[in-house]
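The structure appears right after this line, and notes come after that.
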Amino acid sequence: MVKIKVGVLALQGDVAEHASMLSKIDLEPVPIKYIHELEGIEALIIPGGESTTINRLADFAAAELLDRIKEKALKERMPVYGTCMGSIMLAKSVEGSDQKTLCLMDITVRRNAYGPQKASFEADIAIRGEALPYPAVFIRAPQIISAGKDVEILARGENEIFMARQKNLLATTFHPELTEDTRVHEFFKGMIEEILVKEG
Ligand code: GLN
């Protein structure tokens, strides 16, 4: 069986951890650094990291790469999953900032929303459709503070959203690649398969 190739944007962040998760669930990870590498993949993960770094890259080296990712997500309905900083990259707006993003998902995010004391923590969260709680790791995490009507909310806290989907796009403010639990990556796999079937 030919495995579905899933790119992992390899400009910074947890690239190896995402790749190992993808291998565990029988997908083929492909690190993506250059624009031509995008043509061989069916879907893409944008890992966590520092969005200001990505922004600097966006101004220089990676501008064309990021433009092509946006185009593939919009025109070819390529599934894209952003974790933590990746969710900031997908967002249409970043609270209190004119930070550049891919502007793909109708969500607003607040960066570093848990402040310095609680900057990193683990919490069991409920994900829609899952019987057991998910051990979510938050690292200087953002919050999704609002979402448009086309956005499906898959996990939420009291005032914030942890996981959301809009058609071919998925965002989590936490890092599922840092646990042993493959359910979030499997959810993304389900999205990829659903979209591949639809596109024929
Ligand atoms: N604090 C980072 C930012 O706002 C995100 C942190 C992460 O991806 N782990 O860019």
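As the structure lists them, so they are numbered: ligands from 1, and atoms in each ligand from 1.
- In summary, the atoms of ligand 1 found under 4.0 Å from a heavy atom of Gly48, numbered by their order in the structure, are 8 (O).
- The residues Lys72 and Glu39 are annotated as salt-bridged, a charged nitrogen and a carboxylate oxygen being separated by less than 4.0 angstrom.
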Does the pair Arg68 and Glu71 meet the rule for a salt bridge (Lys or Arg N to Asp or Glu O under 4.0 Å), with working shown?
CA-CA 5 Å; Arg68 181 71 186 127; Glu71 189 178 67; 2.5 Å; yes
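- Heavy-atom separations between Pro142 and ligand 1 are all 4.0 Å or longer.
- In this structure, the protein non-hydrogen atom closest to atom 5 (C) of ligand 1 is Gly49 O, 3.2 Å.
- For Lys92, the side-chain contact (heavy atoms from CB on, under 4.5 Å) partners are Asp106, not counting sequence neighbours.
- Interface of Arg111 with ligand 1, defined as ligand atoms under 4.0 Å from a residue heavy atom, comprises 3 (C), 4 (O), 10 (O).
- Below 4.0 Å from some heavy atom of Ile88 lie the following atoms of ligand 1, by number and element: 3 (C), 4 (O), 10 (O).
- A distance of 6.0 Å or more separates the ring centres of Phe162 and Phe174.
- Atom 1 (N) of ligand 1 has its closest protein heavy atom at Asn112 OD1, 2.6 Å.
- Side-chain contact between Leu44 and Tyr81 is absent, with no heavy-atom pair separated by less than 4.5 Å.
- Of the protein's non-hydrogen atoms, the one nearest atom 7 (C) of ligand 1 is Cys84 SG, 2.8 Å.
- Note: no N/O pair closer than 3.5 Å links Thr83 and ligand 1 by distance alone.
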If you apply the rule salt bridge (Lys or Arg N to Asp or Glu O under 4.0 Å), what do you find for Arg128 with Glu152, and how did you get there?
CA-CA 10 Å; Arg128 204 167 82 191; Glu152 235 178 295; 3.0 Å; yes
